[in-house]
Asks: 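Here you go, one structure.
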Amino acid sequence: TLAAFQEAINNMADFIEIDVTLTKDGIPVVIHDSNALRTTGVNREISDMTFYEVKQLDAGIYHSAEYAGERIPTLYEVLELAKGKIEVNIEIKPGNNSMEVAEKVVEAVRAKSMVSECVVTSFEIEPLRRVKQLEPQIQVGYILVVAYGDFYNMEDVDFFSVNAAFLTKRLVDAIHNSGKQIHAWTVNNQSSIKNLSNKGVDNIITDDPVLARETVYSRNTSETIVNMAKYVFNAEVIDRQPETPDIERKRFLEAKDTFVSSTKEIAANLKEKLGAGDKTALVLQNQIYLINDQELESGITEGINNGLSAEN
């Protein structure tokens, strides 16, 4: 639903993953199941209902009363919400009309000028080839439940979306060596996210984007900051004989300037990755904190000055 996709935007996910099916009169709508029973309580196939009939269904009340009145959105409505805020992974389900769905997807993506903001995935290769035929600039991914053989040499595929249980470092390397990317699904615990990050996957598909983002960025950033601090302070101070207090203070101040500029550079890079706007992102003990640049600079300065006040 649009409410769920907005929550993904609020949680700073990089992508939303959606499933597209066609109504009886050919309108692309976004719903995971082919039947509306599980999410709306109405036991009818979406393909047997007109667009008007689908729009009468309540897709929120079965989740909670808070979301009563949420409707099954069209693909156009989802793209309109996502444009400029979050990228979209559009899955085409296997079926007799998957080629028609592929054409409708390309039409919608073009209409919203979102070719660079969307990828298309499917368990079937033919719809992906049709997408590429119609719009070569759209990235397409082949979904695999089980990974075996030399599938990674397939043409007309930009990346593979693979069941995380079958991903090994060797397989990830083989896919990368073929010039393609690897997406892993569906991963909802910290240890698995860390494991997949270590293996070098390019995209983690999860039900918990906050946990995934905290895990990935805390892992990368904390190591960078620690290594940088060791270089600035340990290498410059500990690995030599101490000088007079005045000289030591001068050296410390010089090291402080290096530390501040390096920290700000790391924070700026992380901010860009997070898409945090005018906020700076710091990852401390697996938690993400967003502060503005002035707070960052004053916080670093205060910490350094506190250290200087205990010179001895």
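Being a predicted model, the structure only gives us computed values, none of them experimental. Residue numbers start at 1 and run along the sequence shown.
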Asks: Measuring from atom CZ of Phe159 to atom CG of Asn203, what distance do you get when rounded to the nearest 0.5 angstrom?
Replies: 7.5 Å

Asks: Is Tyr52 atom OH crowded by more than 12 heavy atoms from other residues, nucleotides or ligands, each under 6.0 Å away?
Replies: no

Asks: Is the closest side-chain heavy-atom distance between Phe15 and Pro209 below 4.5 Å?
Replies: no

Asks: Pairing donors with acceptors under 3.5 angstrom, does anything connect the side chains of Asp58 and Thr40?
Replies: no

Asks: For the hydrophobic clusters of this structure (ILVMFWY residues joined by side-chain heavy atoms under 4.5 Å, transitively), does one cluster hold both Ile9 and Tyr67?
Replies: no

Asks: In the structure I gave you, are the side-chain heavy atoms of Ile182 and Leu167 within less than 4.5 Å of one another anywhere?
Replies: yes

Asks: Search all heavy atoms of Leu79 against all heavy atoms of Lys112 and return the closest pair with its distance.
Replies: CB-CG, 3.9 Å

Asks: Side chain to side chain donor-acceptor pair (under 3.5 Å), that's the test. Do Glu91 and Thr121 meet it? Break it down for me.
Replies: CA-CA 5 Å; Glu91 181 179 341; Thr121 58; 4.8 Å; no

Asks: Quick one: do Ile125 and Val162 end up in the same hydrophobic cluster if we chain Ile, Leu, Val, Met, Phe, Trp and Tyr together by side-chain heavy atoms under 4.5 Å apart?
Replies: yes

Asks: Does some side-chain heavy atom of Val201 sit less than 4.5 Å from a side-chain heavy atom of His183?
Replies: no

Asks: Membership question, hydrophobic clusters at under 4.5 Å side-chain separation (ILVMFWY): are Val106 and Val119 in the same one?
Replies: no

Asks: Are Asp202 and His176 linked by a side-chain donor-acceptor pair shorter than 3.5 Å?
Replies: yes

Asks: Would you say that Glu135 contacts Val109 through its side chain, given a criterion of any heavy-atom pair below 4.5 Å between the two side chains?
Replies: no

Asks: Could you pull out the closest heavy-atom pair between Leu75 and Ile90, with the gap in Å?
Replies: CD1-CD1, 4.2 Å

Asks: If you count the non-hydrogen atoms of other residues, nucleotides and ligands that lie under 6.0 Å from NZ in Lys93, is the total more than 12?
Replies: yes

Asks: Are more than 12 heavy atoms, taken from residues, nucleotides or ligands other than Asn96, located less than 6.0 Å from that residue's CG atom?
Replies: no

Asks: What distance do Tyr142 atom OH and Met154 atom CE have between them, rounded to the nearest 0.5 Å?
Replies: 5.0 Å

Asks: Could you pull out the closest heavy-atom pair between Ile143 and Trp185, with the gap in Å?
Replies: CG2-NE1, 3.9 Å

Asks: What distance do Met99 atom CE and Lys104 atom NZ have between them, rounded to the nearest 0.5 Å?
Replies: 14.5 Å

Asks: Taking ILVMFWY side chains as joined if any heavy atoms are under 4.5 angstrom apart, and letting links pass through other members, which residues group with Phe51?
Replies: Ile27, Val29, Ile31, Val42, Ile46, Met49, Val54, Leu57, Ile72

Asks: Looking only at non-hydrogen atoms, find the nearest pair between Asp25 and Thr23 and report the distance.
Replies: OD1-OG1, 2.6 Å

Asks: For a side chain to side chain donor-acceptor pair (under 3.5 Å) check, start with the C-alpha distance between Asp208 and Thr206, then their side-chain angles and the critical distance, and finish with the verdict.
Replies: CA-CA 5 Å; Asp208 192 342; Thr206 179; 5.9 Å; no

Asks: Could you state the interatomic distance from CG (Asn89) to SG (Cys118), rounded to the nearest 0.5 Å?
Replies: 9.5 Å

Asks: So, do Thr215 and Lys194 sit near enough that their side-chain heavy atoms are less than 4.5 Å apart?
Replies: yes

Asks: Do Asn195 and Lys199 meet the criterion of a side-chain donor-acceptor pair at a distance under 3.5 Å?
Replies: yes

Asks: Salt bridge (Lys or Arg N to Asp or Glu O under 4.0 Å), that's the test. Do Arg129 and Asp156 meet it? Break it down for me.
Replies: CA-CA 6 Å; Arg129 287 175 175 158; Asp156 302 322; 3.6 Å; yes

Asks: Treating Glu77 as the side-chain partner and Thr74 as the backbone partner, does any N or O pair qualify as donor plus acceptor under 3.5 Å?
Replies: yes

Asks: Between Asp14 and Arg213, is a side chain to side chain contact (heavy atoms under 4.5 Å, CB included) present by the stated rule, with each step listed?
Replies: CA-CA 9 Å; Asp14 298 300; Arg213 185 175 289 281; 3.0 Å; yes

Asks: OG1/Thr186 to CG/Asn163 distance, rounded to the nearest 0.5 angstrom?
Replies: 8.0 Å

Asks: Between Arg44 and Glu53, is there a side-chain N and carboxylate O pair less than 4.0 Å apart?
Replies: yes

Asks: What verdict does the side chain to side chain contact (heavy atoms under 4.5 Å, CB included) test give for Ile18 and Ile16, after you've listed the backbone C-alpha separation in whole Å, the side-chain angles of each residue and the deciding distance to 0.1 Å?
Replies: CA-CA 6 Å; Ile18 65 175; Ile16 51 175; 4.2 Å; yes

Asks: Minimum heavy-atom separation for Tyr76 to Pro28, with atom names?
Replies: CE1-CG, 4.2 Å

Asks: How long is the gap from CD on Glu126 to CD1 on Ile92, to the nearest 0.5 Å?
Replies: 12.0 Å

Asks: With the threshold set at 4.0 Å, does a side-chain nitrogen-carboxylate oxygen contact exist between Asp33 and Arg38?
Replies: yes

Asks: Between Asn189 and Ser192, do the side chains contain an N or O donor and an N or O acceptor separated by less than 3.5 Å?
Replies: yes

Asks: Are any non-hydrogen side-chain atoms of Glu103 and Leu134 less than 4.5 angstrom apart?
Replies: yes

Asks: Give me the atom names and distance for the closest heavy-atom approach of Lys180 to Val157.
Replies: NZ-O, 3.1 Å

Asks: Apply side chain to side chain contact (heavy atoms under 4.5 Å, CB included) to Lys132 and Ile138, showing your working.
Replies: CA-CA 7 Å; Lys132 276 294 190 185; Ile138 295 180; 5.9 Å; no

Asks: Flag the pair Ser197 / Ile204 as yes when at least one side-chain heavy-atom distance between them is below 4.5 Å, and no otherwise.
Replies: yes

Asks: Do Ser113 and Lys83 touch side chain to side chain, with heavy atoms closer than 4.5 Å?
Replies: yes

Asks: Please check if Tyr62 and Phe5 belong to a single hydrophobic cluster, counting links between Ile, Leu, Val, Met, Phe, Trp and Tyr side chain heavy atoms closer than 4.5 Å.
Replies: no

Asks: Show your reasoning for whether side chain to side chain contact (heavy atoms under 4.5 Å, CB included) applies to Lys24 and Asp48.
Replies: CA-CA 5 Å; Lys24 185 177 181 178; Asp48 292 335; 5.6 Å; no

